[in-house]
Every structure is written in structure tokens, then in C-alpha cells.
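These numbers were taken from a predicted model, which means no experiment stands behind them.
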Amino acid sequence: DAPLQALKARLGILKGSLSSKDTVPAAARLTANAARVRAGLTWRELEARSGIAAREFQGQGSAGKRGFRRGTIGRLAAWFNDADLRDLATSDVYWDTVVEIVPRGVEDVYDLEVEGDHNFVANGLIVHNSHAAAYALVAYQTAWFKAHHAAAFLAANMSAVMNDTDKVKQFVDDTQAHDITLRAPDINESNYRFEPVDAKTIRYGLGGVKGTGEAAINSIVEARKAGPFKDLFDFCHRVDKRLVNRRVVESLIRAGAFDSVNDHRASLLASVGMALESAEQASRSINQVSLFGDLTEAAQQPALTEAQRWGVKERLQNEKLALGFYLSGHLFNIYRDEVRRFTRTRVGELGSLSPNDYTSRTYWVAGVVMGVRIQSTSGGRMGVITLADDTDSNEVIFFGEVFDKFRQKIKEDELLVLEVQLRARGGGGRMVNGEYEGGGEGRASIRAINALDLTEARNRFARGVRITCNGASSGG
């Protein structure tokens, strides 16, 4: 509103007759003066020979002079045979006064379509819609790279945003949509950045693992030049412990970067302290002669700490800790077959429903809680969760009393079965007490009115119990 009001105020003090589409800005006198100087003429000589009045071209000209007619600049261009003046006279870019200001609402700039020649306000600046031509060229070039070199294109984009896991996740989803394989991070194969392996394969960059850092990864890559790492102990013995500390090693294990040498992530994680201590001890005694120096390296190396292997849920939760999202699968898939029997609406379908489907109808939907944030409003606290299934993710809002009632069930990485209602909200608006205000295309605001955990959902929707017998008997 402020930019529009400022424009209207400015329009009110301007006289509409001061300029027109036939006008070239007064700054054109600099180009005319440059042509005169090249010709070696004075202004008086130029006026006498060309028949064009030169008074307004001299110095700053009259204070009220807003510009020159295109015809006048064209005559000068022809007389001098000057390309710069000719460009000004024949340009398809026009300078004009503002005739009318009509608010059109708030829209994303790249979606703005207005018939005819118009200007619009973008981030407080008046921009002519012809600027879109430059963006169109960049968009075309980008689309060409993505279409013909998709793996390299996506790898470069993931490398550019590797410190922002939300953006990396968007590109990971894009690789799946384009049937591109994203290989897990690997201490023996990956480098710092994401890299294309071939036209349909990308190797995950170790720099995309949380808690690592470029110096630590470069140290690992340098140590690897002597040969691939054989196991956790070999890794800890060879890397620079000043850069590759316990946190780095644990993050790499959680992300699956050690799977190529040992896929027992629980045992590896439990053995990190022992492996680092073994490496430190080896460094201290490297110049000492051991009494048992003839023993083989295998005999001296301790065994990994025994631990129970992680199940699918633990593995994915640890991947999320290290990468910011699940990489090798999705937690929802653990429950998918069961919950699909009593929730037919997918999370990805909620945002695409027509406003005609909102009314007072409710929908049952199931998903894993990916994130939770709490906001304070004048009406009390409310919770906003990111709910995801195997189709998409969406934000679901728990208002006041509903949030207080179900807050103990709202936990990250846990399944929730929700009864929700949809309400229209304006695009590009702002949130006021949980309500989105603004114009533009309507979008769905998803509000929870009931929440069940898996056990409660089974009790609520179960219609019977199926018992399967294998025919064997242990009794008489």
C-alpha cells in the first residue's frame, strides 16, 4: 500500500502534458554533445549547418525541459550519421508519464499477466513488465540444462544449497521425479560436493552431512588418496583427528557413509570412542618399539562393540539427524499398508482440493510428524506441524484448545491419524492469530480437530480381528 500511495501522491503534482511516448529523456543531450565534439563543430556551427535549434542541447538546457521529440533526435542522427543517436530515436523502450494507477492485488511477479504495456511495483520498485524477457532467457537456459544434463544440474544445485537441508530435500525429491538415482554418502567414494556419476546417477556429497565441515571432509579425501578405508579403525588411524573429531565420525555413520565397509551402524556408532582412542594411542607410540611389535595389526586391533542392529525406524531417525531428512526410505512406509485401510485421503491431496470441498466437511489423513513449531497468538498458543506421507507434506494447524488437548501426542517422527477441516486462505497474505489474510488465489489452511495415535486409530476403525493358523498343534 505504501508504494502505491507514494505513486499516487507523485502523480497528483505532475502535469500530464510534460512528456509522452514520443519523448526521449533530456539526458539525450549528452549523446548529441558527444557527436558534436567528434564532428569538431561548435553549437552555433551545428545549428547553422543542420537547421536544428541547438539552444536546448547546450549545457543543462532549460529547467523545465523534460526531453526531446524522437523526430528531433532522428534528424540529428541522420545529419551526424550517428548510431547512438539513431538507437535513441528508434528504440522500442518508451519513457512516459504515469497516467493512472489501478491496484491489481498482490501476486507473485513471475505469474503477473497484464494485457498491454504496464508497469508494476515489485519490492517497492516500479518495474516495467518487459524485464521479464531477461528472466525468460535465464529460465530457458536453466530449463535446457535440466532437460539435457539433469544429473549435473541437480548435483550443482544441491551443492549450492548444501547448508540448507530443506532446500536439499527439495532437490532430492526432484531427483526422484526425474528417475535419477541418488547414491548415499560414502567415505570411499564421495567428495565434499554432490557430483554426477553418470547421466542418471548422483553421489551424495559429504559436505551435506550435518556437523562435518569442508576442512574435515577435505582431510578425509586427502587421507583416502593412499587407498580406500578398510574399516572404522583404519579410518580413525589415517585421518587428521584435529579436524575429524568424534562428532564428524558419528554424523558420517548416522548418514550411512560407512555402509560400504560395515553396514552395522549401531555397532559402529557404539565403537567410535574406542576407535578414536586406539588412533590416539597409535599416534603416541608411533616412534616407540613395542615389546609385541611382531604381532599382526589384526591381533592388535580391538573388536567392534556389540550392539543390536537398528530397525528401519531407528535407521531413518538417525539419517534425519545427520542429513535433515530420511534418505534411504520414509518412516510412513512402515505404517502405510495398515493406515491406508482407514484413511483414504493422502496428504498431497489436501492442498489440491477445490474450495467447494471445504465447507464443513472433515477428512481423515495419516502421516508422520516431520517438524513441530509453537506460535503465540492473542488467543493463546497454537501448534503447527509438518505432516508427511509417501505422497507429499503439508502444514497442519492445531488451534488453542485443540492444541492443548492433543499436545502430548504431537511428537517428531511419530505417526498421527488426524481428522482435519480445510479453510480458504489468501495467497501472499500474513498470519493473524493463525488466520491468513490477503488476496490472490485461495489456498487450503488445514486445521486439526481430532488426533489419534496408531493404537487409538486401530480401536476406532477396526471392524474385526483376523486370526491365521498354520495348522500345527502342540497339544493332544
Side-chain angles (χ1 to χ4, degrees), residues 1-107 109-141:
D1 290 344
L4 285 178
Q5 295 304 321
L7 283 174
K8 289 182 178 180
R10 177 63 178 167
L11 180 59
I13 63 175
L14 292 177
K15 296 180 180 179
S17 61
L18 291 180
S19 66
S20 72
K21 290 184 178 180
D22 188 43
T23 302
V24 178
R29 61 169 57 95
L30 299 175
T31 306
N33 185 55
R36 177 191 66 82
V37 172
R38 286 194 295 271
L41 300 174
T42 64
W43 285 113
R44 186 183 297 276
E45 291 171 335
L46 172 61
E47 185 172 322
R49 296 185 186 184
S50 67
I52 301 172
R55 182 172 63 88
E56 290 296 343
F57 286 97
Q58 300 179 44
Q60 300 297 319
S62 302
K65 186 69 173 177
R66 298 293 299 269
F68 300 92
R69 291 188 178 278
R70 286 175 178 263
T72 302
I73 300 299
R75 289 169 58 196
L76 272 178
W79 197 87
F80 281 118
N81 191 26
D82 186 86
D84 292 336
L85 287 170
R86 188 176 297 111
D87 287 343
L88 286 173
T90 60
S91 172
D92 58 357
V93 177
Y94 294 94
W95 291 265
D96 200 7
T97 54
V98 177
V99 176
E100 184 182 18
I101 298 174
V102 180
R104 294 283 192 150
V106 179
E107 299 184 33
V109 173
Y110 53 80
D111 277 342
L112 185 66
E113 296 180 3
V114 182
E115 295 181 1
D117 294 326
H118 293 274
N119 299 289
F120 57 89
V121 178
N123 295 331
L125 302 176
I126 305 173
V127 186
H128 194 275
N129 59 5
S130 62
H131 89 297
Y135 286 108
L137 177 60
V138 174
Y140 164 76
Q141 293 170 336

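- Considering every non-hydrogen atom in both Glu47 and Arg55, the closest pair reads OE1-N, 4.2 Å.
- In this structure, OG1 on Thr90 lies 11.5 Å from CD1 on Ile73, to the nearest 0.5 angstrom.
- Of all heavy-atom pairs between Ala77 and Arg86, the closest is CB-N, 3.5 Å.
- The closest side-chain heavy-atom distance from Phe80 to Leu85 is below 4.5 Å.
- Residues Glu45 and Thr42 meet the side-chain proximity criterion, which asks for heavy atoms closer than 4.5 Å.
- A cation-pi arrangement, defined by a distance under 6.0 Å to the six-membered ring centre and an angle within 45 degrees of its axis, is present between Arg36 and Trp43.
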What do the steps show when you test Trp79 against Leu46 for side chain to side chain contact (heavy atoms under 4.5 Å, CB included), and what is the final call?
-> CA-CA 10 Å; Trp79 197 87; Leu46 172 61; 3.8 Å; yes
Go through the steps to decide whether Arg38 and Asp82 satisfy the test side chain to side chain contact (heavy atoms under 4.5 Å, CB included), and finish with yes or no.
-> CA-CA 10 Å; Arg38 286 194 295 271; Asp82 186 86; 2.5 Å; yes
Apply the test side chain to side chain contact (heavy atoms under 4.5 Å, CB included) to residues Leu76 and Phe57: give CA-CA distance (whole Å), side-chain angles for both, the deciding distance (0.1 Å), then the verdict.
-> CA-CA 11 Å; Leu76 272 178; Phe57 286 97; 3.4 Å; yes
So Leu41 and Arg49, side chain to side chain contact (heavy atoms under 4.5 Å, CB included) or not? Walk me through it.
-> CA-CA 10 Å; Leu41 300 174; Arg49 296 185 186 184; 3.4 Å; yes
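- No side-chain donor-acceptor contact under 3.5 Å links Arg29 to the backbone of Gln58.
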